[in-house]
Chemist: 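Below are the structure tokens for one structure; questions will follow.
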Amino acid sequence: LALLQNSFSEMFSNDNLFFVDHFEHDGKKASKADVAMNLELTHFIDDLPAHANAVSGVGVKTMLFDAGYPLSQTGVDDAVIRVSTWDEIGAFLDAEASR
């Protein structure tokens, strides 16, 4: 969170940034796609193709953070945007914000 606040303070705040895992909490379990829909997210970033594909599949613009991880190399849907640096993510979000 500190990295994002230092690098992208004008884009992210505690009100619009969520960290989600796929584990059970307090007896409840929800997929990242479910959480994205419930929060009405507009954009999503993940490093696993399965999560990226699922969230993209519910209509959320999704970026796959691919820094050369073997798991990130295959099985990515065409709608998922592949990025490999935080600068690429920032540039994409800047372009989206200016639309």
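These numbers come from a predicted model, not from an experiment. When reading the values below, keep in mind they use all heavy atoms of this one structure, side chains included, and skip hydrogens, waters and symmetry mates.
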Chemist: Listed by chain and number, what are the salt bridge (Lys or Arg N to Asp or Glu O under 4.0 Å) partners of E96, not counting sequence neighbours?
Modeler: K61, R99
Chemist: Is a donor on one side and an acceptor on the other found under 3.5 Å between the side chain of N53 and the backbone of D77?
Modeler: yes
Chemist: For S84, enumerate each residue passing the side-chain contact (heavy atoms from CB on, under 4.5 Å) test, keeping only those at least two apart in sequence or located in another chain.
Modeler: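 Partners of S84 by the side-chain contact (heavy atoms from CB on, under 4.5 Å) criterion, ordered by chain and then number, come out as E88.
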Chemist: How close do R82 and V76 get, heavy atom to heavy atom, and via which atoms?
Modeler: NH2-CG2, 3.2 Å
Chemist: State, to 0.1 Å, how close S56 and T62 come at their nearest heavy-atom pair, and which atoms those are.
Modeler: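 Scanning both residues completely, I find the closest heavy atoms to be N-OG1, 3.3 Å.
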Chemist: Looking only at heavy atoms, which two atoms of F65 and W86 are closest? And how far apart?
Modeler: CE1-N, 4.0 Å
Chemist: Nearest 0.5 Å please: distance from the CG atom of L39 over to the CG atom of D34.
Modeler: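 Atom-to-atom, L39:CG and D34:CG are 10.5 Å apart.
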Chemist: In terms of hydrophobic clusters joined by side-chain contacts under 4.5 Å, are V83 and V80 together?
Modeler: no
Chemist: Can you hop from F92 to L64 via hydrophobic side chains spaced under 4.5 Å?
Modeler: no
Chemist: How many angstroms lie between atom CG of D46 and atom CG of D66, to the nearest 0.5 angstrom?
Modeler: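 Answer for the CG-CG pair, D46 versus D66, is 12.0 Å.
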Chemist: Can you name the nearest heavy-atom pair linking P49 to G75, along with the distance?
Modeler: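 Minimum heavy-atom contact is CB-O, 3.8 Å.
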Chemist: Search all heavy atoms of S98 against all heavy atoms of A95 and return the closest pair with its distance.
Modeler: OG-O, 3.0 Å
Chemist: Could you check I89 against I45 for side-chain contact (heavy atoms from CB on, under 4.5 Å), going step by step and ending with a plain yes or no?
Modeler: CA-CA 9 Å; I89 293 169; I45 304 166; 3.6 Å; yes
Chemist: Which heavy atom of V60 sits nearest to which heavy atom of A36, and what is that distance?
Modeler: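 Heavy-atom minimum between the residues: CG2-CB, 4.1 Å.
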